[in-house]
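Remember, predicted model here, so these are calculated numbers, not experimental data.
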Amino acid sequence: MDNLPQHVIDTIVSYTIGRDKLRPELRTDTSPLTVPHTLYPLMGICREWRRVASSFIGESAIIFTNSQDTDNQNYPEDTPSLGHIIAAGLEHHVRHLQLESTIKDIADGMAYSTIDSLLSLCKGKLKGVQTVSLHVSIAYEPGQQHFFMMGQPMADQQEQTNMEKEVTQNSRRIGELLKEAMPNIISVVYSYVCHSRFNNQPLDNAILSALLSAAPSAQYLSVLGGELSYTTLGSELAPNVKHMHVSLRNSGSNRIPELVIRFADRLETLTVDIQDGEQFSKLFKGPVDGSPVVYSKLRMLKVSGECYWRQEENSYTLQINPFPELRRLICRDVYPFRTSHVLRWIQPTVEVMEVNFRNYGYNQFVEDGVLDADSFPNLRRVNLSWHIGRDRISIADTAGQLPRVLSLSPVLKEVIFDTRVSSPTSAVVPLYRCRDLRELNLAGVQFTIADAIGLINIFPNLQSVVLSLKTSHDVNERGDVSDAEVKEFLEKHDRVANSQLRTLEISTVVFTTRPRAAQHILLLASIFKSIQGIKIRSFNERRDADILGALDEAKQRKCFDNDGEGRLQCMKVSLVEK
């Protein structure tokens, strides 16, 4: 066992725990990662197995400060507590430390004591931690939380004063612990569930101030809940913040826009989770005089969530361009601006645009000319989609939108069009103007294998393609494809115009059986010999198993190995999420 190659151990470990390695990345949320318990026994086989298996741990550890139970029952069983990480001797792997506490445990010192006792066991071993996140709740027991939220009387002035004093003192002590144990924190994540009995603003300010004091070099700041007042946060805090992620999903977030505005002149990326258009509009007007706010260095704006504008609402109209340097606009759930001004303003600078349009605005944007041909001279990646309502009808004629998308820029390198289109012929025609594409996703268009070959041959530099395949008479559809038919089809398409294609991804397959679908996928991979891997979009466990099994079986047929090199037999086939 100790002589196996690393890639074989990788495969065994991945299969045993049910997933691949997690990508190393900064955390900007408070969702706990999990580490399957089956991973720990594998680490005991030998030194090499320990090294490989430990690399599958998600570099994330959590500290529960619940006074009733160290490992909180409301979290997944496989949530990696810092205690488990210490027991395994893997403290030096930790890059993300998550703290889970109630406001009560912060106030009475329980949180400080728990954190202090654990960090004392890790002296000098947590210097690699980059992200610290703190989620403060009312109570861990669901019954207790419900009790607090059901109109309990407000705390009197003395109780409020005592709570503020205790929270401030103990938060500061926790901050000092974190700063000493983890001197290299560059990302701070804060989330607070508001307590109905207290004025939460001074409590939030005290806790966030302590966190930021613990991370003087922080460049990433995420505020995902709470009631804050930017005026009472020390001006010296977080002088290096360039990236923010904020949630404007509830009424308690009404002061968070002011905190964002405080960093407006230095932010390079901004991610906003929204549910209310009015809250979002506050990001663009000064809190004192309502003057326009300009994010002069912002390179990326990412918006997610639903943005509801009330009918009677007089929405704020942007007067000037708030994003003079914007390079990436990502609005996957909804486009949050009610006029076409922003699209027009960012035309000269934007390079990546991913937008999902809802009912309001889109047709007006088209009429305003902001989506005309060549209107985005530097756009390299585009992914536009149109909301489909409960009646399954899109707000736009999708067949007519692909030509518009393809004409937006003369320098497109990647096009994603995942919206269903019935006629592949009309969809493919405008692609001829984008011959320099490197990546193409037409998952919404169903192609026969002959159409797919013709499509790929349009683009000599195409390296990645996502397609949906359907039945046709290109090869025998009345039964399985015979070896003779495979040979004939490969000879017919022995000359191709593309020798750069590396990845073939199949979104959907419309065939009578899984084996026939597999045979057609391998036919396509046989024709373009530069393909190094096949990806299949995951649908459900049974369908995934069927198609992967059919591909494994079809790969054994020698007729697909037209060059005698065994390329397809060794080709990796993997499942991917949409």
* Structure fact -> Value for CG (Leu575) from NZ (Lys535), rounded to nearest 0.5 Å, stands at 11.5 Å

* Minimum side-chain heavy-atom gap Ile274-Pro336 below 4.5 Å -> yes

* Enter the distance from Leu329:CG to Phe376:CZ here, rounded to the nearest 0.5 Å. => 8.5 Å

* Within the side chain of Arg495, is there an N or O that forms a donor-acceptor pair under 3.5 Å with the backbone of Lys492? -> no

* **pair Phe323-Thr349: side-chain heavy atoms closer than 4.5 Å** => no

* Asked: Does Asn378 use its side chain to pair, donor to acceptor, with the backbone of Pro348 at less than 3.5 Å?
  -> yes

* **Flag side-chain contact, heavy atom, 4.5 Å: Ile536 against Asp544** => no

* Asked: Got a donor-acceptor contact below 3.5 angstrom from the Arg514 side chain to the Gly549 backbone?
  -> no

* Would you call Arg332 and Glu354 a salt bridge, taking side-chain N to carboxylate O under 4.0 Å as the test? -> yes

* **Test item: side-chain donor near acceptor, Asp372 and Ser375, under 3.5 Å** => no

* Of the non-hydrogen atoms in Leu490 and Cys559, which two are nearest, and what is the gap between them? -> CD1-O, 3.7 Å

* Asked: If you count the non-hydrogen atoms of other residues, nucleotides and ligands that lie under 6.0 Å from CD in Gln500, is the total more than 12?
  -> yes

* **Point-to-point distance, once rounded to the nearest 0.5 Å, from CG of Leu298 to OG1 of Thr269** => 7.0 Å

* For Ile456 and Val465, which heavy atoms make the closest approach, and how far apart are they? -> CD1-CG1, 4.3 Å

* With Ser247, which of Val223, Val272, Thr271, Asp273 fulfils side chain to side chain contact (heavy atoms under 4.5 Å, CB included)? -> Asp273

* Asked: Side chain of Asn498, backbone of Phe459: donor and acceptor closer than 3.5 Å?
  -> yes

* Asked: Please walk me through it: do Asp418 and Ser385 pass side chain to side chain contact (heavy atoms under 4.5 Å, CB included)?
  -> CA-CA 7 Å; Asp418 220 339; Ser385 55; over 6 Å; no

* **Shortest non-hydrogen contact from Leu523 toward Val486** => CD2-CG1, 3.9 Å

* Asked: Quick one: are Gln347 and Val370 in side-chain contact, heavy atoms under 4.5 Å?
  -> yes

* **Polar contact flag, side-chain donor to acceptor under 3.5 angstrom, Glu367-Asn363** => no

* **Under 3.5 Å donor-acceptor, Ser530 side chain and Leu501 backbone** => yes

* To do: List the steps, then state whether side chain to side chain contact (heavy atoms under 4.5 Å, CB included) holds for Asn461 with Arg438.
  => CA-CA 6 Å; Asn461 298 313; Arg438 301 292 192 274; 3.6 Å; yes

* To do: Give the intermediate values and the outcome of side chain to side chain contact (heavy atoms under 4.5 Å, CB included) for residues His96 and Val189.
  => CA-CA 10 Å; His96 322 293; Val189 184; over 6 Å; no

* To do: Dump the intermediate steps for salt bridge (Lys or Arg N to Asp or Glu O under 4.0 Å) on Glu414 and Arg381, then the final yes or no.
  => CA-CA 5 Å; Glu414 181 179 357; Arg381 183 181 194 272; 2.9 Å; yes

* Asked: Okay, side chain of Lys529, backbone of Arg567: is any donor-acceptor separation there less than 3.5 Å?
  -> no

* Asked: Looking only at atom types and distance, does a side-chain atom of Asn356 sit under 3.5 Å from a main-chain N or O of Cys331, one as donor and one as acceptor?
  -> no

* Under 4.5 Å between any side-chain heavy atoms of Phe528 and Ile453, yes or no? -> yes

* To do: Look only at the side chain of Arg404 and the backbone of Val366, and say whether a donor-acceptor pair between them is shorter than 3.5 Å.
  => no

* Closest heavy-atom pair and its distance - Ser191, Leu224 -> OG-O, 4.0 Å

* To do: List the atom of His243, the atom of Glu268, and the distance in Å for their closest heavy-atom pair.
  => CE1-OE1, 4.0 Å

* Write down the atom of Gly305, the atom of Asp333, and the distance for their closest heavy-atom approach. => N-OD2, 2.7 Å

* **Lys413 NZ to Gln463 CD distance, which is reported to the nearest 0.5 Å** => 11.0 Å

* To do: Would you indicate whether the side-chain heavy atoms of Thr448 and Lys470 approach each other to under 4.5 Å?
  => yes

* Does a sphere of radius 6.0 Å around CD in Gln569 hold more than 12 heavy atoms from other residues, nucleotides or ligands, not counting ones at 6.0 Å or beyond? -> yes

* **Rounded distance (nearest 0.5 Å) linking atom CG of Leu343 with atom CG of Asp368** => 9.5 Å

* To the nearest 0.5 angstrom, please state how far the CE atom of Met300 sits from the CD atom of Glu351. => 13.5 Å

* Going by heavy atoms in the side chains, are Ser133 and Gln98 under 4.5 Å from each other? -> yes

* Asked: Quick one: does Leu440's side chain get under 4.5 Å of Leu455's, heavy atoms only?
  -> yes

* Evaluate side chain to side chain contact (heavy atoms under 4.5 Å, CB included) for Leu522 paired with Arg557, printing each intermediate quantity in order. => CA-CA 10 Å; Leu522 291 186; Arg557 292 176 56 180; over 6 Å; no

* Hey, can you tell me if Phe365 and Phe357 have their rings parallel, tilted or perpendicular (30° and 60° cut-offs)? => perpendicular

* To do: Would you tell me whether Thr503 and Ser464 have side-chain atoms, one donor and one acceptor, within less than 3.5 Å of each other?
  => no

